Amino acid sequence: ALPIYESVSLRDTAQCDLLFVACPPGALVSALDKIALVRSPQCVVTDCASVKSDAVAWASRERATWFVPGHPMAGHEKSGAAFASSWLFRQAKWILCPLPSTERTALRTVEAAVKQMGASVVRLKPEEHDRQVAMFSHLPHLDRKSTRLNSSHANISYAVFCLKKK
């Protein structure tokens with residue numbers, strides 16, 4: 001494994017067996033487009049975005065059977081490599097939103113990795129995920145952030161709220 005501060009090309013990264021994509025929801029489809037161009041045939045891809053609708057539409061359109069939409073229900077109020085932890089996902093729920101076309105081996109690969117990190121897998125339909133996360137995470141999060149408009153996460157919260165309004 002590479003130290004967290006090193007970087008490799010996307011082409012090299014997409015040669016792995018399992019790739020976790022962690023980016024803002026509005027950037028996910030663009031990231032998936034780029035990964036799709038260079039991924040090796042064995043590379044399973046999952047994401048950590050809190051909104052599934054655009055990624056699911058992309059996966060259906062592109063016939064990306066190797067993509068398993070996911071969302072860990074864990075986080076930290078601070079971001080960046082300096083705040084990474086080995087315990088973040090322990091006893092957390094990790095939502096997976098496989099499509100009917102998702103390869104079963106891809107789904108099993110992601111489920112095994114999630115369990116190895118100490119999280120438990122919850123399967124939801126993508127639209128149910130988006131509805132529940134909007135109600136129990138996004139709206140309360142947006143409400144908290146509205147009192148701190150200069151917060152570094154306020155723009156992300158607003159962007160997620162806008163994505164959900166589509």
Side-chain angles (χ1 to χ4, degrees), residues 1-2 4 7-76 79 84 86-139 141 156-157 159-166:
L2 290 173
I4 203 160
S7 64
V8 295
S9 72
L10 181 59
R11 180 175 302 281
D12 289 341
T13 301
Q15 303 308 302
C16 64
D17 293 329
L18 177 58
L19 179 60
F20 288 84
V21 180
C23 64
L28 181 56
V29 168
S30 175
L32 291 171
D33 275 335
K34 291 172 183 163
I35 292 165
L37 294 174
V38 297
R39 67 174 277 281
S40 65
Q42 86 279 357
C43 183
V44 173
V45 178
T46 189
D47 74 299
C48 300
S50 60
V51 179
K52 297 290 133 213
S53 55
D54 289 348
V56 165
W58 175 88
S60 295
R61 185 177 60 251
E62 299 297 322
R63 295 187 175 105
T65 60
W66 41 266
F67 174 64
V68 182
H71 181 201
M73 300 306 294
H76 196 281
S79 61
S86 62
W87 51 263
L88 182 63
F89 302 118
R90 287 189 195 143
Q91 299 183 351
K93 303 290 186 207
W94 198 303
I95 300 172
L96 297 179
C97 303
L99 302 173
S101 60
T102 301
E103 295 171 4
R104 296 299 130 208
T105 55
L107 180 57
R108 284 194 298 272
T109 296
V110 176
E111 285 179 334
V114 165
K115 290 174 184 176
Q116 281 184 324
M117 288 185 271
S120 58
V121 173
V122 175
R123 288 191 195 179
L124 288 177
K125 292 185 177 191
E127 58 277 3
E128 182 62 22
H129 164 273
D130 285 358
R131 189 172 24 261
Q132 287 189 23
V133 171
M135 289 293 293
F136 298 109
S137 181
H138 293 157
L139 289 177
H141 186 67
I156 292 173
S157 298
V160 167
F161 183 71
C162 290
L163 282 169
K164 285 302 299 153
K165 287 180 65 177
K166 284 186 183 179

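Since the model is a prediction, treat every value here as computed from it, not as a measurement. We use all heavy atoms of the structure for the numbers below, so side chains are in, but hydrogens, waters and symmetry mates are not.
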Please tabulate, one pair per line, all N/O donor-acceptor pairs under 3.5 Å involving side-chain atoms of residues 89-102, not counting sequence neighbours.
residue: T102; atom: OG1; partner: L99; partner atom: N; Å: 2.8
residue: T102; atom: OG1; partner: L99; partner atom: O; Å: 3.2

So side chain to side chain donor-acceptor pair (under 3.5 Å) across residues 32-41, not counting sequence neighbours, yields D33-W58, S40-Q42
Residue pairs passing the side chain to side chain donor-acceptor pair (under 3.5 Å) test with at least one member in residues 10-23, sequence neighbours excluded, are S9-D12
Between [atom1] of [X] and [atom2] of [Y], what distance do you get to the nearest 0.5 Å?
{"X": "W66", "Y": "I35", "atom1": "CH2", "atom2": "CD1", "result": "7.0 Å"}
{"X": "D54", "Y": "L32", "atom1": "CG", "atom2": "CG", "result": "10.5 Å"}
{"X": "Q132", "Y": "H71", "atom1": "CD", "atom2": "NE2", "result": "12.0 Å"}

Heavy-atom pair of closest approach, residues [X] and [Y]:
{"X": "P69", "Y": "T46", "result": "C-OG1, 4.2 Å"}
{"X": "A59", "Y": "F67", "result": "CB-CD2, 3.8 Å"}
{"X": "A49", "Y": "L28", "result": "CB-CD2, 3.8 Å"}
{"X": "V133", "Y": "S50", "result": "CG1-O, 3.8 Å"}
{"X": "L18", "Y": "A113", "result": "CD2-CB, 3.4 Å"}
{"X": "V21", "Y": "A31", "result": "CG1-CB, 4.2 Å"}

So salt bridge (charged side-chain N to carboxylate O under 4.0 Å, His left out) across residues 100-119, not counting sequence neighbours, yields E111-R123
Using modelled atom types only, decide if a donor and an acceptor are shared between the side chain of D130 and the backbone of K52 within a distance under 3.5 Å.
yes
- Message: What I'd like to find out is whether the side chain of P126 reaches to under 4.5 Å of the side chain of S53, using heavy atoms alone.
- Response: no
Sorted by chain and residue number, the salt bridge (charged side-chain N to carboxylate O under 4.0 Å, His left out) partners of E128 (sequence neighbours excluded) come out as R131
Residues pairing under ring pair (Phe, Tyr, Trp, His ring centres under 6.0 Å) where one sits in residues 23-45, two or more places apart or in two chains, turn out to be none
